[in-house]
K.L.:
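One structure follows; several queries about it will come next.
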Amino acid sequence: MGDSDDAEAVVRAIDEIGIDRLTETIVTAWEGLGSGVELGPTWPEDEIRHRFELSEPGEAVGLDVLAAVLDASPRGPTEAFVHLGLGRRDNPGGERFAVETIAGHTDVSATDTHTTGTVPMTAETFDALARVYGRSLVYAVVCDEDGRAILERDWTTLQFSLPPSAVETVRDAVGSAAGERFEQV
């Protein structure tokens, strides 16, 4: 395939997908790279995975679950891959801090409308994610030092992997109504 064929393929993709959804599509494709490889992050085999469905992307209890999982995990979170549906020119209000915090890392690409990449999982990163939690946080996966996922948020689905005792700690932290919504995967 020559340069002109490549350019035509990109134009077709933009026409078919739409420029606003192109970055989301690239992230989805990135997750599925490699033939025969399961889509999504690598999960530890010695823990139980759970799913928590949000009624809408900004449901407040989702941020509580995210924080409780990270607090309860015996594996320390070291990095996060994030995809924000906002960029450097979007919303100059409170979300600007989050975009600038995340975009300030070398492994992050920030356009006018999207911010995507890998960042160290620090208190500052968590604060930035909390500021954009909801519709702006399209996708995030938080991993331990071995690259195994602790938590994944994909729009309205939170998945997490913890030992059984830590799951009970999370249930206690978020309350029984939210805890009853946990589904084992």
Side-chain angles (χ1 to χ4, degrees), residues 24 27-28 30-32 37-86 94-95 97-105 107-108 115-185:
E24 270 179 65
V27 170
T28 301
W30 173 80
E31 292 172 350
V37 175
E38 184 178 322
L39 294 178
T42 301
W43 297 94
E45 295 180 14
D46 59 343
E47 294 180 349
I48 299 169
R49 270 181 39 209
H50 287 82
R51 175 179 28 245
F52 183 80
E53 293 292 337
L54 302 167
S55 59
E56 56 95 16
E59 185 180 5
V61 72
L63 183 58
D64 295 338
V65 172
L66 188 151
V69 166
L70 295 179
D71 287 345
S73 177
R75 298 179 291 122
T78 58
E79 71 177 18
F81 175 82
V82 298
H83 173 66
L84 306 180
L86 70 128
E95 292 176 327
F97 163 82
V99 172
E100 293 304 325
T101 298
I102 292 169
H105 295 278
D107 292 336
V108 175
T115 305
T116 304
T118 303
V119 295
M121 194 63 198
T122 63
E124 186 178 54
T125 301
F126 181 83
D127 288 346
L129 292 176
R131 287 181 188 235
V132 295
Y133 184 83
R135 294 197 178 279
S136 297
L137 180 60
V138 177
Y139 181 83
V141 62
V142 178
C143 297
D144 65 13
E145 66 184 352
D146 296 324
R148 297 175 304 158
I150 298 169
L151 179 136
E152 176 187 42
R153 182 193 190 260
D154 190 356
W155 198 238
T156 59
T157 303
L158 283 168
Q159 286 193 65
F160 57 91
S161 180
L162 296 169
S165 61
V167 173
E168 289 310 311
T169 300
V170 173
R171 285 184 203 274
D172 291 344
V174 299
S176 61
E180 289 174 7
R181 293 168 53 190
F182 293 174
E183 301 171 40
Q184 191 169 328
V185 179

K.L.:
Are the side chains of F52 and L66 in contact, using a 4.5 Å heavy-atom criterion?
P.N.:
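Side chain of L66 against side chain of F52, heavy atoms only: no contact under 4.5 Å found.
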K.L.:
What distance do T115 atom OG1 and H83 atom NE2 have between them, rounded to the nearest 0.5 Å?
P.N.:
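Here the rounded value is 8.5 Å.
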K.L.:
Atom CD of residue position Q184 - does it have more than 12 heavy atoms of other residues, nucleotides or ligands inside 6.0 Å?
P.N.:
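Yes - once you tally the heavy atoms of other residues, nucleotides and ligands closer than 6.0 Å, there are more than 12.
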K.L.:
To the nearest 0.5 Å, tell me how far D154 CG sits from Q159 CD.
P.N.:
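Between atom CG of D154 and atom CD of Q159 there are 8.5 Å.
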K.L.:
If I take atom CD1 from residue I102 and atom CG from residue L137, how far apart are they, to the nearest 0.5 angstrom?
P.N.:
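Taking CD1 in I102 and CG in L137, the distance rounds to 7.5 Å.
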K.L.:
Looking at residues at least two apart in the chain, or sitting in another chain, which of them share a side-chain contact (heavy atoms from CB on, under 4.5 Å) with I150?
P.N.:
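If we apply the side-chain contact (heavy atoms from CB on, under 4.5 Å) test to I150, skipping adjacent residues, the hits are V69, L70, S73, R75, P77, D144.
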K.L.:
Look only at the side chain of S136 and the backbone of L84, and say whether a donor-acceptor pair between them is shorter than 3.5 Å.
P.N.:
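Not a single qualifying donor-acceptor pair exists.
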K.L.:
How close do P120 and T125 get, counting heavy atoms only, and between which atoms?
P.N.:
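Reported closest heavy-atom pair: O-OG1, 2.7 Å.
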K.L.:
Let me confirm one number: the CG-CH2 distance from L54 to W155, rounded to the nearest 0.5 Å.
P.N.:
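Between atom CG of L54 and atom CH2 of W155 there are 10.5 Å.
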K.L.:
Work out which heavy atom in S161 is nearest to a heavy atom in W43; give both atom names and the distance.
P.N.:
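It is CB-CE3, 3.5 Å.
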K.L.:
Does the side chain of L162 reach to within under 4.5 Å of the side chain of H50, using non-hydrogen atoms?
P.N.:
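Side-chain contact under 4.5 Å: no.
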K.L.:
I need the E59 CD to E53 CD distance, nearest 0.5 Å.
P.N.:
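Result: 10.5 Å between the selected atoms.
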K.L.:
Measuring from L129:CG to E124:CD, what's the distance to the nearest 0.5 Å?
P.N.:
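L129 atom CG to E124 atom CD measures 11.0 Å (nearest 0.5 Å).
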K.L.:
Side-chain donor-acceptor contacts of residues 163-170 below 3.5 Å, not counting sequence neighbours, with atom names and distances?
P.N.:
unit_1 : atom_1 : unit_2 : atom_2 : d
E168   : OE2    : R171   : NE     : 3.2
T169   : OG1    : S165   : O      : 3.1

K.L.:
Under 6.0 Å between ring centres, would you say that holds for F160 and F182?
P.N.:
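Yes.
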K.L.:
Are side-chain heavy atoms of D46 and R148 found at a separation under 4.5 Å?
P.N.:
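The answer is yes, as the side chains (C-beta and beyond) meet within the 4.5 Å cut-off.
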